[in-house]
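Report on the structure given below.
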2 protein chains.
Amino acid sequence: MSQDKSNERIRDAERTIALLKKATVDQLITNGFAGLSILPILKKAGVSRGALFHHFPTKDHLIAAAFGDLLVEFAGQLHEIAMQLRTGAITQEEFVSKTGETIASDLFVGCMEIALGIRAELTLSALVQEAVADWRQSLFEFWDNTFELPGHDREQRSDHWAMASNVLRGYAFSTSFGAAPQARERLMRGFPKLFLDGAVVRPADERVVSIKTKSKS
Amino acid sequence: MSQDKSNERIRDAERTIALLKKATVDQLITNGFAGLSILPILKKAGVSRGALFHHFPTKDHLIAAAFGDLLVEFAGQLHEIAMQLRTGAITQEEFVSKTGETIASDLFVGCMEIALGIRAELTLSALVQEAVADWRQSLFEFWDNTFELPGHDREQRSDHWAMASNVLRGYAFSTSFGAAPQARERLMRGFPKLFLDGAVVRPADERVVSIKTKSKS
DNA sequence: ATATACATACAGACCGGTTGGTATGTAAAG
DNA sequence: CTTTACATACCAACCGGTCTGTATGTATAT
């Protein structure tokens with residue numbers, strides 16, 4: 001990890017913070033929410049305790065920051081997939097496959113774990129509230145900017161894509177067991193039939209989209 | 001909790017085990033998976049450390065046992081709702097409402113939390129594997145024994161109900177934030193349209209169903 | 001019936017290890 | 001010299017688990 005055993009110090013706040021958040025995400029993926037202790041995080045980041053608590057008042061603040069980064073990254077990944085479809089770089093089938101893959105990735109499962117885990121932790125849940133709201137919004141935009149639903153008003157579209165999102169969330173959850181090998185095929189067959197049948201892909205230039213969240217206030 | 005400060009001991013293994021499992025579920029609901037320490041569990045159960053480790057070799061075994069109980073209880077709740085629909089005691093709309101409520105309850109959210117949380121814990125995930133397999137089976141039976149899907153073969157029915165289950169899981173997940181007040185209405189509108197349109201309720205006497213799991217081997 | 005022997009059910013002190021967080025010190029930058 | 005960035009020693013609280021001891025059962029022998 002860190003071969004700088006010499007006494008030269010690296011003084012770069014941004015870098016240190018990034019390392020810490022990255023290590024937190026790594027730790028979340030490999031050891032789950034319950035495994036989010038600061039010791040392994042510090043080890044992975046190659047950073048000292050002092051550095052951590054210099055930049056973050058508590059462990060929860062670090063987790064919240066890492067969680068926020070995760071969600072933003074996801075929004076970016078989904079946006080990327082959407083653009084590939086809208087530019088014709090991939091087929092609708094590939095779109096469903098890639099989206100499913102993204103949602104069922106360890107990263108997103110880790111997100112769900114945090115989202116459920118913080119239910120009982122008031123301070124932490126308060127810290128991530130804003131990031132979650134942003135994420136919700138960007139998820140709807142992901143669908144609504146990618147597909148047109150002729151004859152549907154805004155309310156109906158919200159309903160439609162909310163259900164679609166629920167399916168993917170449930171899919172991600174069920175795959176985290178790894179016990180349903182047919183789950184993927186079921187998604188590939190079922191999802192387009194249920195949600196994309198009447199939908200029309202919006203050409204890439206139809207609407208200029210900013211998927212970016214409001215970011216650090 | 002326990003006012004028996006006298007030196008009279010209650011010697012009832014079944015009772016003690018039940019108290020421990022109950023306390024574990026309670027603790028899971030109120031404090032989440034990360035809050036599953038033995039101390040608060042023991043306190044809630046009014047049982048000593050010695051009693052716990054006499055009946056369960058490790059904490060994980062207790063959690064697994066409590067988790068298994070939870071899943072069986074859920075299967076029972078769903079079965080109950082299904083029977084109400086099949087006997088005509090409730091409407092389809094009420095059926096969707098009740099099912100959604102059950103899935104989005106604190107109890108089930110706790111289940112999801114465990115299911116995700118154990119991802120990184122090998123021993124625990126091994127312990128609950130069987131219970132999860134039983135649960136999967138009973139969930140499919142819940143749908144398939146309740147509704148007929150004319151013109152669908154077994155494979156197609158599996159696809160259909162797997163997607164339906166995913167929607168509910170995703171719904172449960174999203175409500176655990178409490179941030180989407182319209183989520184319930186969306187489910188009530190969207191679910192029947194997507195999954196119950198071509199489905200026919202099986203009369204209660206059409207098929208003798210055993211929703212019971214294989215139970216303790 | 002009563003005494004003996006043993007298994008089971010429970011209680012609570014105790015253990016080493018880990019937890020999140022702090023206090024203090026030091027090196028670099030302005 | 002002051003501020004910022006990082007390092008280290010340290011702390012009280014808590015963790016899961018083991019220990020020894022005790023209360024309560026039951027099976028057998030007398």
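All chains are named by letter (A, B, ...) in the order of the sequence lines, taking the proteins before the strands, and each is independently numbered beginning at 1. Since this is a predicted model, take the numbers as computed values, not measurements.
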Let me check something: any side-chain donor-acceptor pairs from residues 56-71 of chain A under 3.5 Å, sequence neighbours excluded? List them with distances.
from  : atom 1 : to     : atom 2 : distance (Å)
A:T58 : OG1    : A:D60  : N      : 3.2
A:T58 : OG1    : A:H61  : N      : 3.3
A:T58 : OG1    : A:H61  : ND1    : 2.8
A:K59 : NZ     : A:L36  : O      : 3.0
A:D60 : OD2    : A:T123 : OG1    : 3.0
A:D69 : OD1    : A:K21  : NZ     : 3.4
A:D69 : OD2    : A:K21  : NZ     : 3.0

Listed partners of A:D12 passing salt bridge (charged side-chain N to carboxylate O under 4.0 Å, His left out), at least two apart: none
Minimum-distance nucleotide (side-chain atoms of B:S48 versus D:dA5, D:dT8, C:dA11): C:dA11
Value in whole Å for how far the C1' atom of C:dA9 lies from CG of B:L20: 12 Å
Donor-acceptor under 3.5 Å (B:R86 side chain, B:T146 main chain): no
Residues in contact with DNA chain D, drawn from residues 51-69 of chain B - heavy-atom cutoff 4.0 Å: B:F53, B:T58, B:K59
Under the side chain to side chain donor-acceptor pair (under 3.5 Å) test, residues paired with B:T30 that sit two or more places apart: B:K44
Qualifying salt bridge (charged side-chain N to carboxylate O under 4.0 Å, His left out) pairs, either residue in residues 162-177 of chain A, two or more places apart: none
Nucleic acid contacts of residues 113-122 of chain B, taken as heavy-atom distances under 4.0 Å to DNA chain C: none
Side chain to side chain donor-acceptor pair (under 3.5 Å) against B:E93, all qualifying residues, sequence neighbours excluded: none
Partners meeting side-chain contact (heavy atoms from CB on, under 4.5 Å) with A:S37 (sequence neighbours left out): A:P40
Interatomic distance where CZ belongs to B:R15 and C1' belongs to C:dC10 [whole Å]: 12 Å
Interatomic distance, B:D12 CG vs C:dC10 P [rounded to whole Å]: 7 Å
Euclidean distance, atom CD1 of residue B:I10 to atom P of C:dC10 [Å, nearest integer]: 9 Å
Non-hydrogen atoms of A:C111 and A:L28 that approach each other most closely: N-CD2, 4.4 Å
Whole angstrom value for the distance that separates C1' of D:dC15 from CG of B:L42: 12 Å
Check: D:dT8 base within 3.5 Å donor-acceptor of A:R49 side chain: no
Set of ring pair (Phe, Tyr, Trp, His ring centres under 6.0 Å) partners for A:F195, sequence neighbours left out: A:H160, A:F191
Rounded distance in Å - NZ (B:K43) to P (C:dA11): 16 Å
Pairs involving residues 108-129 of chain B, ordered by first then second residue, that meet salt bridge (charged side-chain N to carboxylate O under 4.0 Å, His left out) (sequence neighbours left out): A:E113-B:R119, A:R119-B:E113
With a 3.5 Å cut-off and sequence neighbours excluded, list the donor-acceptor pairs that the side chains of residues 99-107 of chain B form with protein atoms.
from   : atom 1 : to     : atom 2 : distance (Å)
B:T99  : OG1    : B:F95  : O      : 2.7
B:T102 : OG1    : B:K98  : O      : 2.9
B:S105 : OG     : B:T102 : O      : 2.8
B:S105 : OG     : B:F108 : N      : 3.4

Of residues 25-40 of chain A, the positions that come close to DNA chain D - non-hydrogen atoms, cut-off under 4.0 Å: none
